[in-house]
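First up is the structure itself, then whatever we jot down about it.
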Number of protein chains: 4
Amino acid sequence: MPTTGQSESEEKPTRGKRADAVRNQRVLLAAAAEVFVTSGVDAPIREIACQAGVGVGTIYRHFPTRADLVVAVYRHQVEACAEAGPTLLAGTDSPFAALRQWADLFVDFLVTKHGLAGALQSDSSGFEALHAYFLDRLVPVCAQLLDAAVAVDEITPGTQPYELMRAIGNLCIGHDPHYDPRRMVELLLRGLRNPRP
Amino acid sequence: MPTTGQSESEEKPTRGKRADAVRNQRVLLAAAAEVFVTSGVDAPIREIACQAGVGVGTIYRHFPTRADLVVAVYRHQVEACAEAGPTLLAGTDSPFAALRQWADLFVDFLVTKHGLAGALQSDSSGFEALHAYFLDRLVPVCAQLLDAAVAVDEITPGTQPYELMRAIGNLCIGHDPHYDPRRMVELLLRGLRNPRP
Amino acid sequence: MPTTGQSESEEKPTRGKRADAVRNQRVLLAAAAEVFVTSGVDAPIREIACQAGVGVGTIYRHFPTRADLVVAVYRHQVEACAEAGPTLLAGTDSPFAALRQWADLFVDFLVTKHGLAGALQSDSSGFEALHAYFLDRLVPVCAQLLDAAVAVDEITPGTQPYELMRAIGNLCIGHDPHYDPRRMVELLLRGLRNPRP
Amino acid sequence: MPTTGQSESEEKPTRGKRADAVRNQRVLLAAAAEVFVTSGVDAPIREIACQAGVGVGTIYRHFPTRADLVVAVYRHQVEACAEAGPTLLAGTDSPFAALRQWADLFVDFLVTKHGLAGALQSDSSGFEALHAYFLDRLVPVCAQLLDAAVAVDEITPGTQPYELMRAIGNLCIGHDPHYDPRRMVELLLRGLRNPRP
DNA sequence: TATGAATGAGCGTTCATTCAT
DNA sequence: AATGAATGAACGCTCATTCAT
C-alpha cells in the first residue's frame with residue numbers, strides 16, 4: 001500500500017453529504033493539473049488555490065503535503081500505466097516489444113507533465129510519498145515485463161526494474177527542442193537487447 | 001581538504017597584493033565545492049559565504065552570478081574532460097571504446113558533484129552561462145568521438161552529440177544506493193552500437 | 001493616537017470575518033502614517049510592519065507597492081482637499097481668495113506629512129501611482145480655481161495648474177524651524193496677482 | 001568659516017610634492033561632478049571612484065563624508081554665485097533687479113546639478129556640512145540684496161534671506177518637462193515686490 | 001599614501017504554513 | 001468544513017565603510 005497520506009478520498013465517492021467534498025476534490029485536482037502544466041509541480045500552493053477558487057487552507061486540508069497533491073493528480077495516469085503492463089504483455093509474443101510499448105506510455109506520461117520527471121528524482125524532503133507511490137505501483141509492473149523478456153532470452157539479464165525506471169524517468173527531465181527523450185529511451189532499451197540472434 | 005580539484009586557481013597569479021585575493025578565491029571555491037556537495041548548486045549564497053568564513057559581498061565580488069561560481073568550481077574538471085576526448089581517441093583503435101571511456105569520465109565527474117547534473121538541466125534563468133560553458137566546451141568533443149565511431153561503422157549514425165550528452169547528464173541525476181548511473185549509461189551506449197558484427 | 005486622519009477606513013466594510021482584516025488595515029495605516037512622520041515615506045517596509053506589530057507579509061498583502069500604501073495613508077486628506085476646492089470657490093466673491101485658502105489647505109496637508117512633499121517630487125520608480133493619484137485628483141481642482149481667478153482678472157493668466165501645484169509642493173519640502181513654507185507659498189501666490197489696482 | 005571638514009586642499013596648490021595630491025583631487029572632483037550629473041549626488045561612492053580611476057579609499061581619504069565631496073565639487077560655482085551678488089548690486093540702480101539676476105544665477109546653478117537641490121533640503125545626516133557651507137556662503141549675499149531692495153522700497157520688508165534661499169532651492173527640485181523652476185522663482189520674487197509704485 | 005578586498009547590515013520580496021473566524 | 005489573513009524565515013542583492021597590504 002502506498003504511503004501516500006490520504007486515507008480515504010478518491011475512487012469510491014463514499015456516501016452521504018461527502019458528495020460535496022468529492023466534488024471539491026475534483027475541482028482541486030483539475031486546478032492543480034492545470035497549474036502543474038503551466039508552472040511545474042513546484043508552483044506556489046497559492047497559485048493552485050487561486051486557480052481552484054478556494055483558499056489555501058482547503059488545499060492543505062485535502063492534501064497535507066505537496067506530494068500528496070501530485071500523487072492524486074497523476075494517480076489515474078499511473079494506474080493506467082500500471083494496468084497497461086500485463087495487457088501489453090498478453091497481447092504480443094515478444095515481451096521486449098511489450099516493454100518498449102510500456103516504456104513509451106511511461107514516457108508519454110512524463111513528458112506531458114512539466115517538471116514531474118524532475119520531481120520524481122528530487123531528494124528534497126516532502127517528495128517521499130511521491131516516490132513511494134510511483135515505485136510501489138510501477139516497479140512490479142516493470143519487473144514483470146523485464147522478467148518475461150529475460151525468460152525468452154530477448155534481453156540480457158541483470159538489469160533491475162527500479163534502476164530501469166529511474167533511468168527512463170531521468171531521461172525525461174527537461175524540455176528542450178533539441179532533445180527528444182523518446183529517442184534516448186529507445187537507445188537505452190536497445191542496450192538491453194540480447195546481442196544473440 | 002575540499003574536493004575542489006583546482007590546485008592552481010586562475011590564469012596568471014598577477015602580482016602585488018593580489019596574492020591576498022587569489023588566496024581568497026581558493027577559499028571561496030573550496031567552500032563552494034563543499035557546499036555544492038552538501039546542498040547542491042542551488043545552495044544559498046549565504047551558506048557558501050558562511051562556509052568560507054567571508055561575507056556575502058565577497059562572493060558577489062568574485063562571482064557576480066551563481067553560474068560564474070559554478071563554472072569556476074568545476075572548470076578544471078570540465079577542461080580535463082574536454083582534453084581527454086582527443087587523447088582517448090588517439091590511444092585506441094576503437095573510437096567506440098574511446099567514447100565509452102570518455103563517457104565514464106564524464107559520469108565520474110557528474111556523479112561526484114551533487115546536484116550538478118540537475119543544474120545542467122535546469123531551465124531556471126541564471127544558469128544559462130553554466131549551460132553555455134558546458135556545451136561549448138564538451139559538445140565538440142563528444143561530436144568528434146561520435147563521428148569517429150560512425151566513420152568506422154561501430155555505431156549507428158543519427159545520434160546528435162548534444163542529445164547524447166544531455167542523456168548522459170540526465171542519467172546522472174540523483175543519488176541513490178539502488179541506482180547506478182554508470183550501468184545505465186553503459187546500456188545507453190550499447191544501444192548506439194551497430195548491430196552488425 | 002496616530003495622526004492618520006482617516007477614521008472610517010475604506011469603502012464598504014463588507015461583511016463576515018473581513019471585520020478582522022479591516023481592523024488590521026487601520027492598524028497598518030496608522031503605523032505607516034506614524035513611521036512616515038518619523039522616517040519619511042521611504043521608510044523600510046520592515047519598520048512599518050514592526051510599528052504595526054505585524055509581519056512584512058501583511059503589509060505586502062494589503063499594499064503590494066509602496067505607492068499603494070502612501071496613497072492609502074493620505075487618501076482621505078487628498079479627497080478632502082479636492083472637495084474643498086469647489087466649496088471654497090462657491091463661498092466667496094474672490095476666486096483668488098479661494099485659491100489662497102485652498103493652497104493653505106494643501107500646505108497644511110503637506111507640511112504635517114514628513115517627507116510626503118519630497119516623495120511627490122521623487123522620480124524614483126514605484127512612486128508613479130502616487131504621482132498619478134495626486135495629480136489626477138488635485139490638478140483639475142487647482143485648474144478650476146486658477147481659471148476662475150483669471151476669469152475675473154484677479155491674476156495674470158499663463159500659469160498652469162500643474163506647475164503651480166508642483167511649486168507649492170516643493171515649497172513644503174523639509175522641516176526647519178527657520179523656514180515657514182506657508183509664508184513662501186503666500187509670496188508665490190502674491191506673485192500671481194494681477195498688478196491692476 | 002565653513003564647517004566643511006577639509007582643512008587644506010583646493011585653491012592654493014601648497015608646495016612640495018603636494019602637487020601630486022592636488023592633481024589627484026582635481027581628478028576626483030571632475031569624476032564626482034561627472035557622476036553627479038549622471039546619477040545624482042546620491043550616486044554610490046564606488047561609481048565615483050571608478051570614474052576617477054582610483055580606489056574608494058582614496059575618495060574617503062580626501063572627502064570623509066559625501067557632503068564634503070559635494071561641497072568641494074560645487075565650491076567654485078558657489079563662490080562665483082557669492083561674488084556675483086555685490087557685483088550685480090553695484091551695476092544697477094534697482095536692487096530688486098539685481099536680486100532677480102542673482103536668483104537667476106542661483107537657479108542656473110541648481111537646475112544643472114541633478115539632485116543637488118534635493119540634497120540641499122535633505123535632512124539626512126551627513127549633509128550638515130553641505131547645508132552649512134551653502135548657507136554660510138550665500139545667506140549673507142542674499143541678505144545684502146534683500147536689504148538693499150528694502151532700503152529703496154522696492155520690496156516689502158519682513159522676508160528673511162534664509163527662507164528665501166530655501167524657497168528658491170526647493171523650487172528647483174526635480175526634473176520635469178512640464179515644470180519650469182525659473183518661472184516659479186520669478187513668481188516668488190514678484191510676490192516680494194512692493195505693490196505701491 | 002593609495003588601493004580595493006572584505007565586511008555585513010539592511011532592503012525588497014516571496015511563500016510555505018498556521019490558525020482564528 | 002472552508003477561508004484567507006497573518007506570520008516570519010529565507011533569499012538575492014547593494015553599498016557604505018573599514019583596514020591590511
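Residue numbering restarts at 1 for every chain, and letters A, B, ... go by the order of the sequence lines.
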Practice item. If a protein heavy atom is under 4.0 Å from the base, mark B; if only from the sugar-phosphate, S; if neither, -; do that for nucleotides 12-17 of chain E going 5' to 3'. Key: BBB-SB
Check your understanding: Rounded to the nearest 0.5 Å, how far apart are OH of D:Tyr133 and CZ of D:Arg75?
Key -> 5.0 Å
**Study point:** side-chain hydrogen bond (donor to acceptor under 3.5 Å, both in side chains) against B:Thr38, all qualifying residues, sequence neighbours excluded
**Key:** none
Check your understanding: What is the distance, rounded to the nearest whole Å, between atom NE2 of A:His62 and atom P of F:dT3?
Key -> 8 Å
**Study point:** Euclidean distance, atom CD of residue B:Gln25 to atom C1' of E:dA6 [Å, nearest integer]
**Key:** 13 Å
**Study point:** Test ring-ring contact (aromatic ring centres under 6.0 Å, His included) applied to A:Tyr74 - qualifying residues, sequence neighbours left out
**Key:** A:Phe109
Review point. What pairs with B:Ala49 under side-chain contact (heavy atoms from CB on, under 4.5 Å), at least two apart in sequence or on another chain?
Key: B:Val54, B:Val56, B:Ile59
Point to revise | Separation of F:dC15 C1' from B:Ile59 CD1 (nearest whole Å) | key: 17 Å
Study note, to complete from the structure: Rounded to whole Å, CZ of B:Arg61 lies from P of E:dT7 at a distance of 10 Å
**Study point:** d(CG, D:Asn24; C1', E:dT1) in whole Å
**Key:** 10 Å
Point to revise | Separation of C:Arg66 CZ from C:Ile48 CD1 (nearest 0.5 Å) | key: 6.0 Å
**Study point:** Spacing between D:Leu28 atom CG and E:dT1 atom P, to the nearest angstrom
**Key:** 14 Å
Study note, to complete from the structure: Here the helical stems involving DNA chain F, each at least 3 consecutive Watson-Crick or G-U pairs closer than 3.5 Å, sorted by first residue number, are E:2-21 with F:2-21
Practice item. For C:Arg23 and E:dT21, give me the distance from atom CZ to atom P, rounded to whole Å. Key: 11 Å
Exercise for review: Quickly, which of B:Val70, B:Leu120, B:Val35 forms a side-chain contact (heavy atoms from CB on, under 4.5 Å) with B:Val41? Name it, please.
Suggested key: B:Val70
**Study point:** Residue list, side-chain hydrogen bond (donor to acceptor under 3.5 Å, both in side chains) with B:Asp68, at least two apart or on another chain
**Key:** B:Thr65
Exercise for review: Considering just the side-chain nitrogens and oxygens of A:Thr58, establish if one lies under 4.0 Å of OP1 or OP2 belonging to F:dT3.
Suggested key: yes
Point to revise | Euclidean distance, atom CZ of residue C:Arg26 to atom C1' of F:dA5 [Å, nearest integer] | key: 17 Å
**Study point:** Minimal non-hydrogen separation, D:Ala72 against D:Leu29, with atom names
**Key:** CB-CD2, 3.5 Å
Point to revise | From C:Phe63 atom CZ to C:Thr58 atom OG1, the distance as rounded to the nearest 0.5 Å | key: 11.0 Å
